[in-house]
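In what follows, a structure is listed as structure tokens, so that the remarks can point back to it.
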Amino acid sequence: MVVATESNPGRIEKIRELEIPVIDLSGKKSEVARLIVKACEEYGFFKLINHGVPHHIIKKMEDEAFEFFDQPLPDKMRVGSANPFGYGSKNIGLGGDKGELEYLLLQTNQDCIVSTSKFRCAVSSYVGCVRELACKILELIARGLGVPPSFFSHLLRRLDSDSLLRLNHYPPVTYPLQRGHTTIGFGEHSDPQILTLLRSNGVPGLQISLGNSNWVSVAPDPHAFCVNIGDVLQAMTNGRFISVRHRAMANTLPDQSRLSLVFFGAPPPEVVITCPPQLIKKNEPLYRAFTWAEYKSHTYAHRLGETRLDHFKIA
Ligand code: GA4
């Protein structure tokens, strides 16, 4: 695949297709834990199959999301603009980042801003399942790392957890593009939270970075979840896990919309992010302690592509 971005039209990047780790959650627990830790260390990313989230719950959420985005603009705007929660189109965050998408950003511990009861019901069942799945993965990670089982997962189980649900709709791109070229839908970034669970329809678009402009396309699989490590888990593992940089391409298939449902598992605002002593061993701690509220306000004050964890490094 060849990529030329609108902002950087002269620069052509070669995209590799690579075997991304696929982890079967129905396997033997100790082996699954070992494989997850390995994937998080090497890539900060893996695909999860046999995850146990019922198909009808995913389908209901996907149908509701498509129905929401199908509405006329004034109806979508009625939920308020994404500032930071609500409907957004082409603008990402408040710092001038742009993308070829529209989206809905929802808080998971507050009343849903979309008022129809079938939408609310779909969100509540979907979030319940993906939160539980994220906790299961975090418990396997804790097992694989030899730290207490709920060391990471208890942060997501708390009622004041700051977890989010993001529904991204990448409509077919209409402006003229050279054949075979594609454009950025959502620019390069890492996720600030602990763990992200992304699920998309069968349209490709997601790419992960292996560093040095070395991008890998993730083949779409509507039956799998893509799991990626966020900045907070990189800090909590003293840099052992990678908060993988990723991006989404738009218009990968002519006339087809891409829809992704993204759950970001986050701690409560006042929780202090530190690394368990077992993971520091002889190494020095890489990051100073910080609260999620502090990290979040730094995140929102900067651009999408910022390597924001560097700001918290101990010199
Ligand atoms: C990236 C990950 C999540 O989508 C998100 C994004 C957030 C937003 O869209 O409002 C941010 C971005 C994300 C990081 C930097 C800031 C904030 C847009 C932006 C430019 C919801 C999040 O938590 O951080």
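In listed order, ligands and their atoms are each counted from 1.
- Among pairs with a residue in residues 241-267, those fulfilling ring-ring contact (aromatic ring centres under 6.0 Å, His included) read His189-His246, at least two apart in sequence or across chains.
- The shortest side-chain heavy-atom distance between Asp162 and Lys296 falls under the 4.5 Å cut-off.
- Between Glu188 and Arg245, the closest side-chain pair of non-hydrogen atoms falls below 4.5 Å.
- Aromatic ring orientation, His169 versus Phe66: perpendicular (interplanar angle above 60°, classes split at 30° and 60°).
- Between atom OG of residue Ser163 and atom CG of residue Leu195 there is a gap of 10.0 Å, rounded to the nearest 0.5 Å.
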Output, or 'none' if empty, a list of ligand 1-protein atom pairs in which both atoms are N or O and the distance is under 3.5 Å, rounded to 0.1 Å.
| from | atom 1 | to | atom 2 | distance (Å) |
| --- | --- | --- | --- | --- |
| ligand 1 | 4 (O) | Arg166 | NH1 | 2.7 |
| ligand 1 | 9 (O) | Arg166 | NH1 | 2.8 |
| ligand 1 | 23 (O) | Gln193 | NE2 | 2.8 |

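- Between Tyr287 and Phe312, the distance from one ring center to the other does not fall under 6.0 angstrom.
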